There are 2 protein chains.
Amino acid sequence: MVKKKLSIVDIANSLNISKTSVSFILNGRAAEKRISEELVARVMKFVEEVGYKPNSLAKSLRTGKSNIIGLMVEDISNPFFAAIARLIEDRAYKNGYKIIYCSTDNDTNKTKDLIQMFRDRHVDGYIMAPPEGIEEDVNDLLKNNLPVVMFDRYLPNVDTDHVVIDNKASTFKATQVLIKQGYKDIAFVTFSSEQTQMNDRLAGYEQAIAEAGLKTNIKQVKFQQNEDLIIEPIFEYINENHKRLDAVLFGTNHVGVCGLKVFKRLGISVPDDLAVISFDDYDVFQLYTPPVTAIAQPIEEIADNVITLLLNKLNNKTSLADKQTIIVPTIMNVRASSGK
Amino acid sequence: MVKKKLSIVDIANSLNISKTSVSFILNGRAAEKRISEELVARVMKFVEEVGYKPNSLAKSLRTGKSNIIGLMVEDISNPFFAAIARLIEDRAYKNGYKIIYCSTDNDTNKTKDLIQMFRDRHVDGYIMAPPEGIEEDVNDLLKNNLPVVMFDRYLPNVDTDHVVIDNKASTFKATQVLIKQGYKDIAFVTFSSEQTQMNDRLAGYEQAIAEAGLKTNIKQVKFQQNEDLIIEPIFEYINENHKRLDAVLFGTNHVGVCGLKVFKRLGISVPDDLAVISFDDYDVFQLYTPPVTAIAQPIEEIADNVITLLLNKLNNKTSLADKQTIIVPTIMNVRASSGK
DNA sequence: ATGAAAGCGCTAACAA
DNA sequence: TTGTTAGCGCTTTCAT
């Protein structure tokens, strides 16, 4: 009962025909090759019966195509990335592509390794939220005509398709919401990073503060695997400054959640002690008491654009040389945490 | 500057030696084959210079090994699975294995497809939280000597290694916590499912209720991709019954979060109107007001056991025939939601 | 309309 | 110690 893995040769032999014919039939090129319908039927029937499955490794080796898309996110356990990955997986699957995902941890070397692994496995296209420092590797992909779509952020020196949100406008608006409520000492707590999305978020905050003639209060913490190491510096900052601050804008969902944990520990009440807005929306923010105002990223729209861009390249609907930038707007979900 | 993909033959030719020698050297079998150190050095230097990378597809095709582990979770956007996937990925990576993950959606057919894809790609081992109905496919893997480790649940009719938690004891204890606080009308809200972990959780609740001479209140909702469709039946149930109930035990983190959303909509206050305990721990539960008592799964321990079990099989440290069951205990994080 | 044969890049048994 | 060679399973050109 152990199914011996059978190959195209086995089935050709069993049917006393050549493997070429089998190959053509299996690849739907029977008509084109004018193979008799009768033969086609016989082959299909046999294949069905014995449950033959082509070895896609051999196929890939021969054709250079794999029908696999490599997806690299920063951290698959981050709900934002997990949700995006999920949607992309679904859409890809429906279009005959499989997805392999990996977490980069924003680690340049790990990412280089992963790109290499994807190349090894002959993935047909790449989707990534790139860390800094991989410009060369990505350019090398592009030079080899491998389509790459970036999202969440992009690499300024690499000319690829990318789908991002209007980060600067989002934090600008969020900061203004706080300013209009009369808050004057507004902090921006975020990850330290030179990535485009982070720079833009910071810039939006700074511009709104500057336009209002206020002073900036910026705390950047280093991204760490271990959440406690993120909470620690936030704790110190809030602990030292919460009396002179009246509002906080968090730069990412992760920082936001850590911030809320700090508030809990310090017994800080929202919005009375500190008003709060966070980037990204998330269960926690909706269920928190009071509910937290959040800058929601349109996850479906991002995922949709990303996969469409890539599929178009893969199906040669768009020229590889033709690079698109898509900027999708965010949605401010105003809730009680930012009100008076 | 476009790197022409070079092969082992190219490098053999450039160096005027045979590809066999190159292959042996590249695979660290130089010593074993008593290849001169000088040659080894020359080859390594050249390989380094031209940045040669072996084509792992060809390698896999030839050896049948891929150094890839296939990981199938129910839904990668569920924080429990995302966290486990993350940890497994890390450990595997450190041991020279790559991970490919996929979401099964508890969909039998999709899972069969995915298993097929993994087989196609010659993954060396399988880790899965299996849906029902794939017994045959898994048995087929086992018959072909492919190691399979299950976690979160197992298939009663399939003899594989698996790592699970003591589900029954956990809900039993959680229910007792509520009973000891004097709650008498305790509901159990969970997903309808015949999976082992769900059956066990239900059994634990029922036993505790029976032992206390109380009446069960069970609401099972169907798992759906779309969260609103999960919330709806919970809303109806809670809306109809909350007056006669005094406590609720949620069967999974997902149900728990949906439940909290329902409470918010109905203005139900915790624990005064309803005391709450949920399976799985999660940011939301810690940050909720009041913090929610939760049955925490020891994620690291589960991931560690899973990957260790599989690596042992892959490295032939354990016989394939030798099946282990590991049951790890959960941790009750008692918080204000279950108190009086 | 069908078949033979080369070759994708690699490994390993066997020769030398 | 190193080289020759036969595949792994598939696609595709070129004959027939």
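The model shown is predicted, which means the values in this text are computed figures rather than measured ones. Labels below follow one simple rule: chain letters A, B, ... track the order of the sequence lines, proteins then strands, and each chain is numbered from 1.
- Side-chain atoms of A/Ser103 and A/Asp105 form no donor-acceptor pair, as typed in the model, at a separation below 3.5 Å.
- When only modelled atom types and interatomic distance are considered, A/Asp90 and B/Gln225 share no side-chain donor-acceptor pair under 3.5 Å.
- A donor-acceptor contact closer than 3.5 angstrom is absent between the side chains of A/Tyr52 and A/Asp10.
- A/Ser23 has no side-chain polar atom (N or O) that falls below the 4.0 Å cut-off from OP1 or OP2 of D/dC10.
- With sequence neighbours excluded, the residues satisfying salt bridge (charged side-chain N to carboxylate O under 4.0 Å, His left out) with A/Lys112 are A/Asp137.
- Straight-line distance from the CD atom of A/Glu32 to the P atom of C/dA1: 13 Å, rounded to whole Å.
- When rounded to the nearest whole Å, the span between CD1 of A/Ile11 and P of D/dT11 equals 12 Å.
- The stretch residues 52-62 of chain B touches DNA chain C through B/Tyr52, B/Pro54, B/Asn55, B/Ala58, B/Lys59, B/Arg62, each having a heavy atom within less than 4.0 Å of the strand.
- Here D/dG9 presents its P atom at 13 Å from CG of B/Asp120, a figure rounded to the nearest Å.
- Distance NZ (B/Lys19) to P (C/dA13): 15 Å, rounded to an integer number of Å.
- Residue-environment remark: CD (B/Glu136) stays at or below the threshold of 12 foreign heavy atoms within 6.0 Å.
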Between the protein and nucleotides 13-16 of chain D, list every N/O to N/O distance that falls short of 3.5 Å.
none

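- Summarising the local packing, CD of A/Glu38 is surrounded by more than 12 heavy atoms from other residues, nucleotides or ligands at distances under 6.0 Å.
- Per the geometry, CG belonging to B/Asp10 stands 10 Å off P belonging to C/dC8, to the nearest Å.
- Straight-line distance from the NZ atom of A/Lys65 to the P atom of D/dC10: 18 Å, rounded to whole Å.
- Nearest nucleotide to the A/Leu39 side chain, out of D/dT2, C/dT11, C/dT2: C/dT2.
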Can you check salt bridge (charged side-chain N to carboxylate O under 4.0 Å, His left out) on B/Asp75 and A/Arg86, steps first, answer last? CA-CA 8 Å; B/Asp75 177 2; A/Arg86 207 40 234 290; 2.9 Å; yes

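- Taking the six-membered ring where the residue is Trp, A/Phe151 and A/Phe80 present tilted rings, their angle falling between 30° and 60°.
- Around the CD atom of B/Glu32, the shell of radius 6.0 Å holds more than 12 heavy atoms that belong to other residues, nucleotides or ligands.
- Side-chain proximity of A/Ile8 to C/dA1, D/dT11, C/dT11: nearest is D/dT11.
- Closest contact between the side chain of B/Ser7 and the listed nucleotides C/dC10, D/dC10, D/dG3 involves C/dC10.
- In this entry the distance linking CD1 of A/Ile25 with C1' of D/dT12 reads 15 Å, nearest Å.
- The side-chain contact (heavy atoms from CB on, under 4.5 Å) check on A/Asn305 picks up A/Val163, A/Glu301, A/Ile326, A/Val328, with sequence neighbours excluded.
- At the phosphate of D/dG3, OP1 or OP2 sits under 4.0 Å from a side-chain N or O atom of B/Ser21.
- Of the inter-residue distances, the one linking A/Phe118 atom CZ with B/Lys98 atom NZ reads 10.0 Å to the nearest 0.5 angstrom.
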Exercise answer: donor-acceptor pairs, residues 16-23 of chain A side-chain atoms, under 3.5 Å, sequence neighbours excluded:
{"from": "A/Ser18", "atom 1": "OG", "to": "A/Thr20", "atom 2": "N", "distance (Å)": "3.1"}
{"from": "A/Ser18", "atom 1": "OG", "to": "A/Ser21", "atom 2": "N", "distance (Å)": "3.4"}
{"from": "A/Ser23", "atom 1": "OG", "to": "A/Asn27", "atom 2": "ND2", "distance (Å)": "3.4"}

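- If you measure from atom CZ of A/Arg42 to atom P of C/dA1, you get 16 Å, rounded to the nearest angstrom.
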Pairs counted as Watson-Crick or G-U wobble with both distances under 3.5 Å: what dot-bracket string results for DNA chain C, using | for bases tied to another strand? ||||||||||||||||

